[in-house]
Protein chains: 2
Amino acid sequence: MDRFVSTFTNKIDSKGRVSVPASFRAVLERDGYAGGLYCYPSLDAQALDAGGERLAKKIDGLLAGLPDYSDERDELSVALYGDVQVLSIDGDGRIVLPESLREHANLATAVTFVGLGDKFQMWEPKAFEERRREARSKVQVTRKLFAAGGRSSDDDGNEGARE
Amino acid sequence: MDRFVSTFTNKIDSKGRVSVPASFRAVLERDGYAGGLYCYPSLDAQALDAGGERLAKKIDGLLAGLPDYSDERDELSVALYGDVQVLSIDGDGRIVLPESLREHANLATAVTFVGLGDKFQMWEPKAFEERRREARSKVQVTRKLFAAGGRSSDDDGNEGARE
DNA sequence: CGGGCACATATGGGATCGCATGGGAATGGA
DNA sequence: TCCATTCCCATGCGATCCCATATGTGCCCG
């Protein structure tokens with residue numbers, strides 16, 4: 001297993017600690033774990049994005065695509081790197097979320113970890129339920145577009161993966 | 001044999017375990033079994049979809065087509081990866097269905113496994129009976145359309161493969 | 001041709017292990 | 001000295017493993 005998959009909800013204890021789901025930790029180690037977890041506010045949601053080395057490389061890759069000293073690059077650099085925190089995982093597989101991050105995602109007593117392949121997100125549980133509902137209904141639409149769109153080689157794939 | 005075929009109904013025991021039909025397990029192993037079974041709620045039915053590595057790659061393929069950090073990608077990721085569970089198969093060929101999945105498919109005491117070629121579905125037995133009846137009558141209609149259109153060779157193929 | 005034996009599968013229960021969680025002790029910085 | 005952070009250990013629950021039983025199916029041998 002080398003991707004972040006499925007969702008887990010864990011509690012935040014009185015010291016602000018949260019267990020990272022064991023399966024996610026396993027992925028991180030396979031990913032060339034360097035003692036830290038990269039974590040930053042999601043750009044377009046009240047959630048946090050996090051991942052290991054692979055995610056860090058992806059961000060680098062995104063920036064590399066933009067010309068040096070362009071406004072876009074500066075903005076993206078700030079947006080992506082500016083708020084990144086490196087969270088260390090303690091001996092029991094737990095992390096501590098800094099105040100600034102908890103605030104952005106509105107985290108108080110529990111955290112829902114959502115695997116997204118290369119990275120994972122951390123949500124306030126109720127907010128995630130809402131988001132999931134939304135995503136589902138939108139996918140229904142997207143799916144119809146795929147089916148109607150007609151890239152036939154992909155078509156097979158879609159049929160298999162969706163239904 | 002490299003496709004999931006035919007249907008089986010097995011019981012859920014007091015711990016929530018269900019035996020995966022032996023023939024399905026055989027398919028999974030041929031599929032490059034990596035210790036887990038990918039399973040997620042069907043988007044448009046009260047059932048679960050499941051498969052092996054091949055199915056996982058299809059999901060990846062879908063996402064690979066979308067740019068990083070696009071809204072579409074995020075939504076698909078959440079809807080697909082977020083809901084996916086990796087179920088491990090124990091030494092006796094059984095899996096445990098998490099509460100969230102059982103709920104979606106309304107599974108309580110038994111599960112009907114339905115082979116669909118690349119993947120298979122898990123249904124509450126009565127719900128599946130209902131669904132099967134429906135499918136049968138629709139096939140009748142489809143068949144008449146084919147017959148009218150005139151490609152008779154395809155006729156056989158579809159009918160055989162689907163139901 | 002028939003009986004019985006061997007094997008595979010499904011199912012149930014007990015024992016063990018790992019993980020999430022909570023709290024106290026040690027450490028370090030202001 | 002006080003507060004915050006990190007380390008270490010204890011515990012309870014759930015998940016996983018292992019073994020036992022039942023039911024059936026095919027095969028071999030009489």
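By convention in this document, chain letters (A, B, ...) are assigned in the order of the sequence lines, proteins followed by strands, and residues within each chain are numbered from 1. Every heavy atom of this structure was used, including side-chain atoms; hydrogens, water molecules and symmetry mates were not.
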Side-chain contact, heavy-atom cut-off 4.5 Å: [X] with [Y]?
| X | Y | answer |
| --- | --- | --- |
| A:L48 | A:V111 | no |
| B:I95 | B:M122 | yes |
| A:T7 | A:R132 | yes |

>> Using 0.5 Å steps for rounding, measure from the CZ atom of B:F120 to the CG atom of B:L37.
In response: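 Spacing of CZ (B:F120) from CG (B:L37) equals 4.5 Å.
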> If you measure from CG on B:D118 to CG on B:D49, what distance do you get to the nearest 0.5 Å?
Replying inline: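 Result: 11.5 Å between the selected atoms.
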Nearest-angstrom distance from the residue atom [atom1] of [X] to [atom2] of [N]:
| X | N | atom1 | atom2 | value |
| --- | --- | --- | --- | --- |
| B:E99 | D:dG14 | CD | C1' | 14 Å |
| B:F8 | C:dA10 | CZ | C1' | 12 Å |
| B:F113 | C:dT9 | CZ | P | 15 Å |
| B:D13 | C:dG13 | CG | C1' | 9 Å |
| A:N10 | D:dG14 | CG | P | 14 Å |
| B:L97 | D:dT16 | CG | C1' | 15 Å |
| B:F24 | C:dA8 | CZ | C1' | 17 Å |

Dump the pairs, protein N or O against N or O of nucleotides 2-8 of chain D, anything under 3.5 Å, distances to one decimal.
| from | atom 1 | to | atom 2 | distance (Å) |
| --- | --- | --- | --- | --- |
| D:dT6 | O4 | A:K15 | NZ | 3.4 |
| D:dC7 | N4 | A:R17 | NH1 | 3.2 |
| D:dC8 | N4 | A:D92 | OD2 | 3.3 |

>> Checking A:R30 against A:D2 for the salt bridge (Lys or Arg N to Asp or Glu O under 4.0 Å) test, could you report, in this order, the C-alpha distance in whole Å, the side-chain angles of both residues, the deciding distance, and whether it holds?
In response: CA-CA 7 Å; A:R30 198 152 321 202; A:D2 56 350; over 6 Å; no
> Which part of the nucleic acid does A:V18 contact within heavy-atom distance under 4.0 Å: base, sugar-phosphate only, or nothing?
Replying inline: nothing
> Should B:E130 and B:R133 be marked as a salt bridge (Lys or Arg N to Asp or Glu O under 4.0 Å) after you check the CA-CA gap, both sets of side-chain angles, and the distance that decides it?
Replying inline: CA-CA 5 Å; B:E130 184 55 33; B:R133 259 195 297 280; 2.9 Å; yes
> Parallel, tilted or perpendicular: which describes the rings of B:F24 and B:F8, with under 30° parallel and over 60° perpendicular?
Replying inline: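 B:F24 vs B:F8 ring planes: perpendicular.
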> Which salt bridge (charged side-chain N to carboxylate O under 4.0 Å, His left out) pairs, counting each pair once, include a residue from residues 103-114 of chain A, with sequence neighbours left out?
Replying inline: none
Nucleotides 24-26 of chain D: which of its N/O atoms have a protein N/O under 3.5 Å away?
none

